[in-house]
Number of protein chains: 2
Amino acid sequence: MNIGQAAQKSGVSAKMIRYYEQIGLISPPSRTDSNYRVYGPDEVHVLRFIKRARTLGFSVEETAALLGLWQDRSRASAEVRDIASGHIQALEAKIDELQGMVKTLRHLVHCCAGDNRPDCPILDDLAGTPAGSQTKGH
Amino acid sequence: MNIGQAAQKSGVSAKMIRYYEQIGLISPPSRTDSNYRVYGPDEVHVLRFIKRARTLGFSVEETAALLGLWQDRSRASAEVRDIASGHIQALEAKIDELQGMVKTLRHLVHCCAGDNRPDCPILDDLAGTPAGSQTKGH
DNA sequence: ATAGACCTTCCCATGATGGTAAGGTCAAGG
DNA sequence: CCTTGACCTTACCATCATGGGAAGGTCTAT
């Protein structure tokens, strides 16, 4: 099948398939006489693997590692688990960071009257107004 | 003061200060005869505002809006609150997404023996093994 | 034969940041 | 006065993953 159909079946855009080929994540497929890339079910399977890993937030580099392990018959599942565990930790750190932001913002929004007065504790905070004039006591 | 000191006082790198000037987030400062940028306390204050907003996860575009409101004496704080509220929602959506990933990954890691057998439910999931053969029942 | 859908490669853009290189400037000390 | 080192300037390139588009070739159906 051509790249368009492989894209449709795998959920990876044709553009990205070429990109993955270019960076060596997937191997170059065979070509027709007219230089069209030709894919078979196996290639689509690989693309779907990549798609799923990317959807789960693995970087392309991590995906490459997982792909290598997937295609390695003698792989140790412990390696895979380590990659996944490390990724979970990274995701959780990111979540914590975002939650910290949300907490601060919610506090600020809570302190904000939301009316038409020019007083705005949110802006005051961003401006670095000496802590205590607006938000002290919370 | 020169850009280096402004960077140090504001926490925004000299590189980024020039970038912010280039994209119009801040106005071009005056220059010395030798073409050095010159900053005063007001500019540093603005930079700190920007730094804080970026730290809270506001995009540069959102930061520009907040900055405009901050500098507008007749602003309505409701506008500010709307921007912040919208940002909170966006952050929470991102958190949900990440938590979904973590949940899936934790499930997979939990199902993974982590030994040296080539069986690996994580890879099986990524490969799109028909649901039910490994993970059903959880 | 022609239209339209597909393919090819190549270049550019994003967003926010860092790096580097080539050159100008300034302040301190010999 | 001159050197040294720290600073500044602009300009370009890289990141990471993705999309957009142009210019041109190919295939399929009418």
Side-chain angles (χ1 to χ4, degrees), chain A residues 1-26 28-40 43-44 46-67 87 90-91 94 97-98 101, chain B residues 1-26 28-40 43-44 46-67 87 90-91 94 97-98 101:
Chain A
M1 79 193 78
N2 287 339
I3 199 172
Q5 227 187 332
Q8 205 207 318
K9 285 199 181 183
S10 65
V12 179
S13 72
K15 208 80 178 172
M16 291 312 298
I17 293 177
R18 293 194 197 97
Y19 172 71
Y20 290 151
E21 179 186 332
Q22 188 202 323
I23 65 174
L25 181 59
I26 57 180
S30 52
R31 303 272 187 142
T32 64
D33 288 350
S34 52
N35 206 30
Y36 281 22
R37 288 172 179 83
V38 179
Y39 299 91
E43 280 91 349
V44 170
V46 168
L47 288 171
R48 263 209 271 247
F49 181 102
I50 293 170
K51 176 68 180 177
R52 175 94 172 116
R54 299 286 301 117
T55 299
L56 284 174
F58 288 99
S59 70
V60 168
E61 203 173 346
E62 286 170 322
T63 301
L66 291 170
L67 197 53
H87 186 51
L91 289 177
K94 187 72 190 165
E97 190 191 341
L98 293 178
M101 294 177 190
Chain B
M1 81 194 75
N2 288 337
I3 199 171
Q5 227 187 331
Q8 207 207 318
K9 286 200 181 181
S10 65
V12 179
S13 73
K15 205 84 179 169
M16 289 312 296
I17 294 176
R18 295 194 196 97
Y19 172 71
Y20 290 152
E21 179 186 333
Q22 190 202 322
I23 64 174
L25 181 59
I26 59 180
S30 53
R31 303 273 188 140
T32 65
D33 288 349
S34 53
N35 206 30
Y36 282 22
R37 288 172 179 83
V38 179
Y39 300 91
E43 279 91 349
V44 171
V46 168
L47 287 171
R48 263 209 273 245
F49 182 102
I50 292 169
K51 177 68 179 178
R52 175 91 173 117
R54 299 284 302 117
T55 299
L56 284 173
F58 288 98
S59 69
V60 169
E61 203 175 344
E62 286 170 323
T63 301
L66 291 170
L67 197 53
H87 186 50
L91 289 176
K94 187 74 190 166
E97 192 191 339
L98 294 177
M101 292 177 191

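Quick note: numbers below take in every heavy atom, side chains included, and nothing from hydrogens, waters or symmetry partners. This one's a predicted model, so the numbers in the text were calculated from it and none came from an experiment.
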Compile the donor-acceptor pairs under 3.5 Å between side chains in residues 60-67 of chain A and protein atoms, sequence neighbours left out, one pair per line.
{"unit_1": "A:Glu62", "atom_1": "OE1", "unit_2": "A:Ser59", "atom_2": "N", "d": "2.8"}
{"unit_1": "A:Thr63", "atom_1": "OG1", "unit_2": "A:Ser59", "atom_2": "O", "d": "2.7"}

Worksheet item: What pair of heavy atoms forms the shortest contact from B:Leu56 to A:Met101, and how long is it?
Response: O-SD, 3.5 Å
Discussion item. Quick check on the helix from C:dA1-D:dT30 to C:dG30-D:dC1: what's the angle between its two end axes, five base pairs per end, to the nearest 10°?
Written reply: 30°
Practice prompt. Under the side-chain hydrogen bond (donor to acceptor under 3.5 Å, both in side chains) rule, collect the residues that match up with A:Glu21, sequence neighbours excluded.
Written response: A:Arg37
Worksheet item: Using a heavy-atom distance cut-off of less than 4.0 Å, which residues of residues 11-21 of chain A contact DNA chain D?
Response: A:Ser13, A:Lys15, A:Met16, A:Tyr19, A:Tyr20
Worksheet item: With sequence neighbours left out, what residues match B:Lys94 under salt bridge (charged side-chain N to carboxylate O under 4.0 Å, His left out)?
Response: B:Glu97
Practice prompt. State which residues pass side-chain contact (heavy atoms from CB on, under 4.5 Å) with B:Ser13; sequence neighbours excluded, sorted by chain then number.
Written response: B:Lys15, B:Met16
Practice prompt. Would you name the heavy atoms of A:Ile17 and A:Ser10 that are closest together and state the gap between them?
Written response: CD1-OG, 4.5 Å
Practice prompt. Report yes if the side chains of A:Glu43 and A:Ile26 come closer than 4.5 Å at any heavy-atom pair, otherwise no.
Written response: no
Practice prompt. May I have the distance from B:Met1 (atom CE) to D:dC8 (atom C1'), rounded to whole angstrom?
Written response: 16 Å
Item to complete: Identify, between A:Asn2 and B:Val60, the residue whose nearest nucleotide on DNA chain C lies closer to the 5' end.
Response: A:Asn2
Worksheet, complete the sentence: All heavy atoms of A:Arg31 vs all of A:Val38, minimum pair found to be C-CG2, 4.2 Å
Practice prompt. Please determine if a side-chain N or O atom of B:Arg37 lies less than 4.0 Å away from the OP1 or OP2 oxygen of D:dC7.
Written response: no
Worksheet item: For B:Ser30, which residues count as a side-chain hydrogen bond (donor to acceptor under 3.5 Å, both in side chains) partner, sequence neighbours excluded?
Response: none
Item to complete: Output all residues satisfying ring pair (Phe, Tyr, Trp, His ring centres under 6.0 Å) with B:Tyr20, sequence neighbours left out; order by chain, then residue number.
Response: none
Discussion item. Going 5' to 3' along DNA chain C, between which two nucleotides do contacts with chain A fall, using a heavy-atom cut-off of 4.0 Å?
Written reply: C:dC6 to C:dC10
Practice prompt. Might you point out which heavy atoms bring A:Val12 and A:Leu47 nearest each other, and give the distance in Å?
Written response: CG2-O, 3.6 Å
Practice prompt. Apply side-chain contact (heavy atoms from CB on, under 4.5 Å) to B:Lys9 and list each qualifying residue two or more places apart in sequence or on a separate chain.
Written response: B:Met1, B:Gln5, B:Val44
Discussion item. Distance check needed: D:dC7 C1' versus B:Ile3 CD1, whole Å only.
Written reply: 11 Å
Discussion item. Distance check needed: D:dC16 P versus A:Arg54 CZ, whole Å only.
Written reply: 12 Å
What pairs of nitrogen or oxygen atoms, one from the protein and one from nucleotides 26-28 of chain D, lie under 3.5 Å apart?
{"unit_1": "D:dT26", "atom_1": "O4'", "unit_2": "A:Tyr36", "atom_2": "OH", "d": "3.3"}
{"unit_1": "D:dC27", "atom_1": "OP1", "unit_2": "A:Ser34", "atom_2": "OG", "d": "2.7"}

Worksheet item: Sequence neighbours excluded, which residues qualify as side-chain hydrogen bond (donor to acceptor under 3.5 Å, both in side chains) partners of A:Arg54?
Response: none
Worksheet item: When the distance from CD1 of A:Ile23 to P of D:dA14 is rounded to whole Å, what number comes out?
Response: 16 Å
